[in-house]
Structure formats: C-alpha cells, structure tokens
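Since the structure comes first, as structure tokens, the remarks are kept for the end.
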Amino acid sequence: MNVTHMSNTELVSELLAAPTRLESPHAPCACNPAAAYRAVDQDLPELAHKLSVARELLLRKLRAKMLEGPIMASPSAVKDWLCLYCAGLQHEVFLVMYLDSQQVLIEAEELFRGTLTQTSVYPREVVKGALARNAAAVLLAHNHPSGQVDPSPADELLTQTLKSSLMLVDVRVLDHFIVGGDRVTSFAERGLL
C-alpha cells in the first residue's frame, strides 16, 4: 500500500487502527524472552506499515510548516524534513527545493537517484526544473548513506557548477544540504557558498 496517495484522515485511521492479528492463545510468557522476541518479529510487517504511515504524516506536517512563509525562517523544519525524507535510504538522492521570490517553497522534488556512493546530477535538468516552476531561488540537498556529512571536493565542485548554471537564468542557490543519518551539514553555514 502506497501511503503517499492516502489522505491525512486515512493515514490517521491506519495509524490508530487496532492490530489486525488476534492474540494467539499460546502467547509467549514474559518470563521467556526468546519466545517474546519471536512474537515481536512476527508483528514486524504491521509495525513497518504503521511506521511508514507515521513517517508520511510527519513529512506532511513539516512540509506544511515549510509552506507557511519564507523557508529559511525555519531552517530547523527544512533540516528535519530532509532527515526524515532520507531516513533509511541505502542509495543517494539529489533533491531540489524550488522557491519563489519571497523564498516560499513552490515544490520539493527528488530530481536524481543514484547508488550507494554517488548520484549523477545534470545541471541542465536543475535549470529546466527551476524555469518550469518560475523559481527565483533553490535549495539543494543530497544524502550520504554512509552517514558522513562532510562535503567532498566533488560536492563542492557540483555546488559551484549548479550555482554558476542557475545564475545565468537569475536563480539563486541559497544553500546545499548534505544529510547523513540524523545530521545535516549546510554549505551556507560553513561558508562554502
């Protein structure tokens, strides 16, 4: 079931729904940890579903907060959204957040998807996306599945290339975030823009 296509009401109903599995008459005794572990293991598909529902609700809540006004007025919401979006991914993704002239979020898009260690990013596609949305500025982000948040020389070069390409069409790059686990590095905060 794809939770991204469900309404908020449906998601809340799914999250609060009682477990579908009836308790076994032979439920493990609390004094037998191995049996209790096996019982929890059997519930993992339902637990995984509930966690994906909760994650989707949180993503929507943070996205709504980012839409309330200038996105950089609440950089913690952006960082939280990025951490949650990238949580558990075993491959790199490259995201672009398109902003209007008031720095309000127009749309966030996963533009490229890569492998465990790299993603191919094409400046032409980033520029096309910005022009198609009439964006005045963008925020760039990508994840490092390794958990490392230090920018590599390739990350710095890519940022400068995208900044130069977008500058030609009057679109500013406000920041580039690297997400690793629950940590986020900001190029702007490090003085790399």
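Please read all numbers here as calculations on a predicted model, not as lab measurements.
Heavy-atom minimum distance, Leu192 versus Pro151: CD1-CG, 3.8 Å. Scanning both residues, Gln90 and Pro145, for their nearest heavy atoms gives C-CG, 4.0 Å. Residues Pro123 and Ser165 approach most closely at CB-OG, 3.7 Å, considering heavy atoms. Across all non-hydrogen atoms, the minimal contact from Tyr98 to Ala130 is CE2-N, 3.4 Å.
No option in Val173, Leu139, Leu140 other than Leu140 meets the side chain to side chain contact (heavy atoms under 4.5 Å, CB included) test with Val96.
Asn143 contributes a side-chain N or O that, together with a main-chain N or O of Val93, makes up a donor-acceptor pair within less than 3.5 Å.
Counting heavy atoms from C-beta outward, Leu89 and Arg113 have side chains that stay 4.5 Å or more apart. Residues Val127 and Val171 are not in side-chain contact: their nearest non-hydrogen atoms beyond the backbone lie 4.5 Å or more apart. At least one side-chain heavy atom of Phe94 sits under 4.5 Å from a side-chain heavy atom of Leu158. By the 4.5 Å heavy-atom criterion applied to side chains, His176 and Leu162 are not counted as neighbours.
Within the model, atoms CZ of Phe112 and CD of Glu125 stand 5.5 Å from one another, a figure rounded to the nearest 0.5 Å. How far CG of Leu84 is from CG of Asp182: 11.5 Å, rounded to the nearest 0.5 Å. The structure places SG of Cys86 at 11.5 Å from CD1 of Ile178, a figure rounded to the nearest 0.5 Å. Note: Leu193 CG to Glu156 CD = 10.0 Å, rounded to the nearest 0.5 Å. Rounding to the nearest 0.5 angstrom, the gap separating the NE2 atom in His91 from the OG1 atom in Thr117 is 13.0 Å. In this structure, NE2 on His144 lies 11.5 Å from CZ on Arg183, to the nearest 0.5 angstrom.
Linking Ile, Leu, Val, Met, Phe, Trp and Tyr whenever their side-chain heavy atoms come within less than 4.5 Å leaves Leu111 and Leu157 in two separate clusters. Under a hydrophobic clustering in which Ile, Leu, Val, Met, Phe, Trp and Tyr are joined whenever their side-chain heavy atoms come within less than 4.5 Å, directly or via other members, Leu131 and Tyr122 fall into the same cluster.
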Using distance only, find each side-chain donor-acceptor pair of residues 184-191 under 3.5 Å and give its atom names and separation, not counting sequence neighbours.
unit_1	atom_1	unit_2	atom_2	d
Thr185	OG1	Val149	O	2.9
Ser186	OG	Asp175	OD1	3.2
Ser186	OG	Asp175	OD2	2.5
Ser186	OG	Ala188	N	3.3
Ser186	OG	Glu189	N	3.1
Glu189	OE1	Lys79	NZ	3.3
Glu189	OE2	Lys79	NZ	2.9
Arg190	NH2	Asp150	OD1	3.0

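Counting heavy atoms of neighbouring residues, nucleotides and ligands inside a 6.0 Å radius, atom CZ of Arg172 does not exceed 12 of them.
Counted by atom type alone, Asp155 and His142 present one or more donor-acceptor pairs between their side chains at under 3.5 Å.
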Might you work through the side chain to side chain contact (heavy atoms under 4.5 Å, CB included) test for Leu82 and Met97, ending with a clear yes or no? CA-CA 11 Å; Leu82 287 169; Met97 296 177 165; 3.9 Å; yes
Can you list the steps and then say if Val104 with Leu99 is a side chain to side chain contact (heavy atoms under 4.5 Å, CB included)? CA-CA 5 Å; Val104 175; Leu99 311 175; over 6 Å; no
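Residues satisfying the side-chain hydrogen bond (donor to acceptor under 3.5 Å, both in side chains) criterion with Thr119, sequence neighbours excluded, are Glu92.
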